Structures are given as C-alpha cells and as structure tokens.
Amino acid sequence: MTSEQLQALDQAHVCHTYARFNLCVDHGKGATCYDPEGKAYVDFSSGIGVNSLGFCDEDWVRAVTAQAGKVQHISNLFYTEPCAVLAQLLCQRTGMEKVFFCNSGAEANEGAIKTARKYSFDKYGRGRQEIIALENSFHGRTMATLSATGQAVYHNFFFPFVEDFTFVEAGNLAQLEAAVGEKTCAVMLELVQGEGGVIALDPDYVRAVEQLCREKDLLLVVDEVQTGVGRTGKFLACEHYGIHPDVVTIAKGIGAGLPLGAVLFGEKTASVLGYGQHGTTFGGNPVACAGGRVVLEKLDEAQLALVREKAQYLREKLMQLPHVAAVTGLGMMIGIELADGKEAKKVVELAIEEGVIPLTAKSKVRLLPPLTITYAELDQGLEALARALARA
C-alpha cells in the first residue's frame, strides 16, 4: 500500500481524533524508520516516549514472540511467570513494595487516584478525598485523569468532571501549603511536565513537597509515565530528586511498543487495594510483561550512563543550532524553546520532510529519542532538524 492509499483509507475509516502529520510508517530498525516508498526518518519521538529500545530490538522481539507462542493471555484469575518476574524486577529496581499492572499511563494514574482516596478513607473515614495537583500538568484522558490535569484546555465538553481536584502553581510552596486542608488526601505531580512544555520541577521544591506530605500524612503520588524507565538517565526521575513517593506510576517505555503500565506502591500503600477493589482484563499480559522484562534487563546502570552521556551531547548540539533560544527538560526528555518567531508545529512539519521525527509540547519542539539511539543517528537527526529550522 502506498502512502497516498494508506492516508485515504485512514481518513475514510479511522475516527478523526488525531491531527496526523504527513508521514506513513511502514517498518523500522533502531532509531530509524521508513515510509512505504522507502524514505528513511530518524525517530526523535519514540512513539511519544514508548519505543525505549527503538524499533524492533532483536532481544525484545524474540522475547515477545516466544511468549506469544506459549500463551498470549489467560487473565488475572491465574498466575503467569512473566507477570510475577517483571513485578519482582520492578520492586527490586525501585525500592517499592508491590505492583499493579495495567495497559496505559492513564490507567496507571486512575489506579493511583483510587489508591490515594482509599488510603485516606481507610484511615480517616469519609470526607478526606481531595487531591492537589499542579497547574500545567497532564495525567491522561480518562474522566478522572482529565479532572486531575491542570490545563484549562482539557476541561471542556465532558461535564461534569470528577470532583475534589485542586490546582496550585508549580514551584509555589506557600500556595501548596495554603491549599492543604482537612479534605486533602494526596499531592500528585510530574517531576518534568511533559505535555506542559517539558519543564522540570525545582529539586528543592520537590523535596519540600515530600516533607509536607510526610508531616500531614498525605500520599505523595508521582506520575512517571513519561519520565520513568530511563527517560531521564535514571530508571526513575525520582532518583534525581532524592525522593521516595508513596505511589509511582509508569507506562510508555516499560512496554517498549506494547501496551503496558504499572502502579508501584510503597510501604504505606502496598496493601490499600484489596480483592475486587481494582482490576483490568489485560493487566499483566504475559506477552507485554515478557517484553518489559527485556527492557529492565537492557536498561542497566551502564546503559543509563550512556543515556546521560548522549543526552548531554544532544543538548550541547541543540544549543548550537540556529533559532534555538533554550533547551529544557531532563535527560532524553528535551524541550526546545524557539527564537526568532519560529513556530513549533511548522518546524516539526518541515523536520519530517527533512527526515527526522520530532514532536511538539505547547510552543516548544519536543524530543524523546529512543534510549538506545546511536551517535550516528543523533547526528543525522540533528542535521535534518537544522535544515528544518533554517527553512521555518
């Protein structure tokens, strides 16, 4: 099927909830993919941070293929080895106590919200269910996670939203302290606000938030759907900040291309959810978990050190490009603030024409390269991005 035929078929039958860019992807390897006509593109997007190992990593392909040939699904009413082993590895890697598997970041954040409210209900009774989140945050597109998202643009059409979410300015500790009341049960935040413009929170602020939560017996919930699984050069971004939350959510990169998310529970929350109080049909799917195990094995400390090195290299090169005012974010989660009136969407459109795939985040160009990208692919992508910036 040609690109033109594919686009026509998609337009005719797929719901128009996405403003797609003019690119059809047919196959890929490493950090490079190809359209049906054979043109190559360096992927600086990783499917919005999902393809942590790039396209079609051979070890990952072998693992998911082998598991698909054994048993692809059986439900959570029974035990499977991939689910149990991946949970063990995640607990060992993060210092958390228990894992609930799901299929996406939004589902993971739903589980975190339910956990926060039930923890408080169990301990304090009804009426203590308010969750404080940050302005400019993004936590998902389900009703509860939209309600927890601190961007007015998302709070439309689908009324009524879920109650008892309050928003405070990121970095404003006094405002957060003033917002905490008798109804408050948790604080929920992203350490790098991804959809909000790739903005990293101040470490002193984050540590002060953790201390406040400890003093008030509020759960600290950290959304690491985009920052987690090595994206920032540490397995969890929490490691950069020196904090240990009560609940951490991950997704995207842990599946490396298959739907997989997880809620990680600390000591205070490990036993909050009991039988029948939360669930999902496909959570802990054996094929997805077999792939997740490969991700954890490959993203060892040596590989994470390479991620940090490549991130520094990429940031230095980006600051040398024309029309780049600043580079934000953390590790391989990068926002490019444009100068000279350049528009992010136009830059991305031209970059795709030039053979590199970036993303946008509000007014910024956003980069989320595969964590295994080579220096040659980085250089090739940077050259294409420079051409796009010159044309924009």
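The structure presented is a predicted model; accordingly, all values stated were derived computationally and were not measured.
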With sequence neighbours excluded, residues passing ring-ring contact (aromatic ring centres under 6.0 Å, His included) with Phe121: none
salt_bridge(Arg214, Asp246) N-O dist < 4.0 Å: yes
Heavy-atom count check: over 12 atoms from other residues, nucleotides or ligands less than 6.0 Å from [X] [atom1]?
X      : atom1 : result
Gln320 : CD    : yes
Tyr275 : OH    : no
Arg293 : CZ    : no
Asn22  : CG    : no
Glu4   : CD    : no

Return the minimal non-hydrogen interatomic distance between [X] and [Y], and the atom names on each side.
X      : Y      : answer
Leu304 : Gly230 : CD2-CA, 3.6 Å
Val324 : Val327 : CG1-CG2, 4.2 Å
Gln151 : Asn136 : NE2-O, 3.6 Å
Ala63  : Val294 : CB-CG2, 3.5 Å
Met333 : Arg315 : O-NH2, 3.5 Å

Within 45° cone and under 6.0 Å: Arg141 NZ/CZ vs Phe157 ring: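 Negative - Arg141 is either too far from the ring of Phe157 or too far off its axis.
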Pairwise salt bridge (Lys or Arg N to Asp or Glu O under 4.0 Å) hits with a residue in residues 148-168, at least two apart: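 Only Asp164-Lys183 qualify under salt bridge (Lys or Arg N to Asp or Glu O under 4.0 Å).
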Salt bridge (Lys or Arg N to Asp or Glu O under 4.0 Å) partners of residues 258-275, not counting sequence neighbours, each pair once: Asp217-Lys268
Of all pairs that satisfy side-chain hydrogen bond (donor to acceptor under 3.5 Å, both in side chains), the ones with a partner from residues 64-80, not counting sequence neighbours: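 side-chain hydrogen bond (donor to acceptor under 3.5 Å, both in side chains) check on residues 64-80 returns no pairs.
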Pairing residues for Tyr34 by the side-chain hydrogen bond (donor to acceptor under 3.5 Å, both in side chains) criterion, not counting sequence neighbours: none
Side-chain heavy-atom pair Asn103, Leu260 within 4.5 angstrom cut-off: no
The single option from Val263, Leu264, Leu273, Thr115 passing side-chain contact (heavy atoms from CB on, under 4.5 Å) against Phe100: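 One option only clears the test, and that one is Val263.
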For His323, side chain to side chain contact (heavy atoms under 4.5 Å, CB included) partners two or more places apart: Asp340, Lys342, Leu389
Using modelled atom types only, decide if a donor and an acceptor are shared between the side chain of [X] and the backbone of [Y] within a distance under 3.5 Å.
X      : Y      : result
Thr280 : Cys102 : no
Arg93  : Leu296 : yes
Glu190 : Phe138 : yes

